[in-house]
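Hydrogens, waters and symmetry mates are skipped; everything else that's a heavy atom, side chains included, is used. A note on names: the letters A, B, ... follow the listed sequences, proteins ahead of strands, and every chain is numbered from 1. The structure displayed is predicted, hence computed values, not measured ones.
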Number of protein chains: 2
Amino acid sequence: MKTSSCASCLLKSKAVVNLAEQELTVLGKSCVEAVFEKGDTIFKQDALSSNIIYLQTGLVKLLVKGPQRTQILRLKKAPCYLGIPTTMGDKINHYSAVAIEKTTACFVDINTFKELIRINPDFSYEIIVELCRNELEQFNRCVKLVQNQVFGRLATHLLDLSDNIYQSNQFDLPLNRSEIADLVCSSRETVSRLLSDLAKESIIDINGKHLKIIDKSRLEKISEKG
Amino acid sequence: MKTSSCASCLLKSKAVVNLAEQELTVLGKSCVEAVFEKGDTIFKQDALSSNIIYLQTGLVKLLVKGPQRTQILRLKKAPCYLGIPTTMGDKINHYSAVAIEKTTACFVDINTFKELIRINPDFSYEIIVELCRNELEQFNRCVKLVQNQVFGRLATHLLDLSDNIYQSNQFDLPLNRSEIADLVCSSRETVSRLLSDLAKESIIDINGKHLKIIDKSRLEKISEKG
DNA sequence: ATAAAAGTGTGATATAAATCACATTATTCT
DNA sequence: AGAATAATGTGATTTATATCACACTTTTAT
């Protein structure tokens, strides 16, 4: 870990690009950069948090360990902020963040973050925009969970990986079958079966972790209807 | 509907109390107040929105009509804002808001709202705090949906009505059985059965819409475990 | 290289809760 | 007031999907 020179950072957030030189100095003084390898925990459920986290590069999973099952709430791809609601709120992490690819992240002290909100309206504005986008995304997830059954949810997440995370119709799944189950709120066995079904129908081609989407339009139909 | 004098309003939001006199005048010029009776729609899913809505008094339900079922996303009690993420985002309402009690609301033009964010950091700060609280609440709802089965979710919502909405251990349900089903993501019949079961166990006393919580600690246990 | 551990696929069974069906009770309307 | 309509309760049946059980495969460790 090292204190960063935010002014010279090439991976500024949409909010941070609005900061003046002097404000960047303020930020730099309480901003610490860290690198996480695949599998590393960035922060842990139930731990106290007094930092906002900005993901510069990489991919993480947000997960909740509940009494019944573990849920992967969502995958978050850099660039984005993590932990704003928690750190602005009750300061106790409601979920853990674990890197599923090599990830670089900046830890920003909450007081500095609040100070920047106080002094720079353009900064605040971008934070508000990000919070709003998050809320709509989470909303969609929650609606999908109720409206669709497992087949549809699985299809939705495969499309999300293809369209938003990897921007390619073939990629290596960053999660094993059990984690995919946690992501689509189902069981390992069901996910295994449904992936086989999709392959039998020639909608996808799957070989271990390598996945190729063959018939995207049918997958989209399943995502909507199923 | 009438253009309001925001300066003299006794129901200012936590954000608005930070506004200076001149800023209140700006707000007042593009702020329209309206009264909604029980059952009235405040805004409709799929419609365009260029207003932020501030609920001064009352109670509303937010609902999504999906292909499979209707969901009541949540009840929102005044004072609170509605529609910030939508109006800041793609401007299309992802859900409807319907008054379930007499409700008064202010419609604020999005450009005025953005202007206030730009000129008053304390205003922005309070908006950020409200967005953060919303995100955590929605998060909890989503986790509960997966971790608990219907019995637990029903108990959770009864407690929410008692603790947060009515602040009393007896009240009239603002929703019929079918709407309660939409709220707990279940079916009318199941809700009906489970309410009877709770009554049989002397955990609640229910007579039509009137509900009295008799054994709160057992209800809390069901809410956590069930 | 071999053993141990972790991950995966697939059939059989169990289960929570939806759906169906219909009787009963409220509420609304003329 | 009486008819029509909506809301509710409750049993029977169905269904999606979890869970169990176990074989097979891949990865990791010694």
Atom CG of A:D197 and atom P of D:dA16 are separated, to the nearest Å, by 13 Å
Tell me, please, which residues at least two apart from B:H94 pass side chain to side chain donor-acceptor pair (under 3.5 Å).
B:D90
Whole Å only: how far is the CD1 atom of A:I180 from the P atom of C:dG7?
13 Å
Acceptor/donor pairs from residues 217-226 of chain A side chains to any protein atom, 3.5 angstrom cut, sequence neighbours excluded:
{"residue": "A:S217", "atom": "OG", "partner": "A:D215", "partner atom": "OD1", "Å": "3.2"}
{"residue": "A:R218", "atom": "NH1", "partner": "A:E201", "partner atom": "O", "Å": "3.3"}
{"residue": "A:R218", "atom": "NH2", "partner": "A:E201", "partner atom": "OE1", "Å": "2.7"}
{"residue": "A:S223", "atom": "OG", "partner": "A:T156", "partner atom": "OG1", "Å": "3.0"}

Would you give a per-nucleotide map of nucleotides 9-22 of chain C, 5' to 3', where B means the base has a protein non-hydrogen atom under 4.0 Å away, S means only the sugar-phosphate does, and - means neither?
BBBB---SSSBB--
Pair listing, ring pair (Phe, Tyr, Trp, His ring centres under 6.0 Å) test, anchored in residues 185-205 of chain A, at least two apart
none
Inter- and intrachain pairs under ring pair (Phe, Tyr, Trp, His ring centres under 6.0 Å), touching residues 187-226 of chain A, at least two apart
none
For B:K61, the salt bridge (Lys or Arg N to Asp or Glu O under 4.0 Å) test, sequence neighbours excluded, returns B:E179
4.5 Å side-chain heavy-atom contact, A:K38 and A:E101:
no
Go through the structure and list residues passing side chain to side chain donor-acceptor pair (under 3.5 Å) with A:N134, not counting sequence neighbours.
A:K76
For atom CD of A:E179 and atom C1' of C:dA6, their distance in whole Å:
12 Å
Scan residues 168-176 of chain A against DNA chain D and write down, sorted by residue number, each residue with any heavy atom closer than 4.0 Å; if none is found, say none.
none
Pairs involving residues 60-85 of chain B, ordered by first then second residue, that meet ring pair (Phe, Tyr, Trp, His ring centres under 6.0 Å) (sequence neighbours left out)
B:Y54-B:Y81
Check nucleotides 25-29 of chain C against the protein and report each pair of N or O atoms closer than 3.5 Å, with its distance, or say if there are none.
none

Under 3.5 Å, side-chain donor or acceptor atoms of residues 189-196 of chain A against the rest of the protein: list the pairs with distances, not counting sequence neighbours.
{"residue": "A:T190", "atom": "OG1", "partner": "A:S187", "partner atom": "OG", "Å": "3.0"}
{"residue": "A:S196", "atom": "OG", "partner": "A:S192", "partner atom": "O", "Å": "3.1"}

Grab the CD1-P distance between A:I222 and D:dA16 for me, whole Å please.
15 Å
Check side chain to side chain donor-acceptor pair (under 3.5 Å) between A:R74 and all other residues, then give those that pass, not counting sequence neighbours.
A:E137
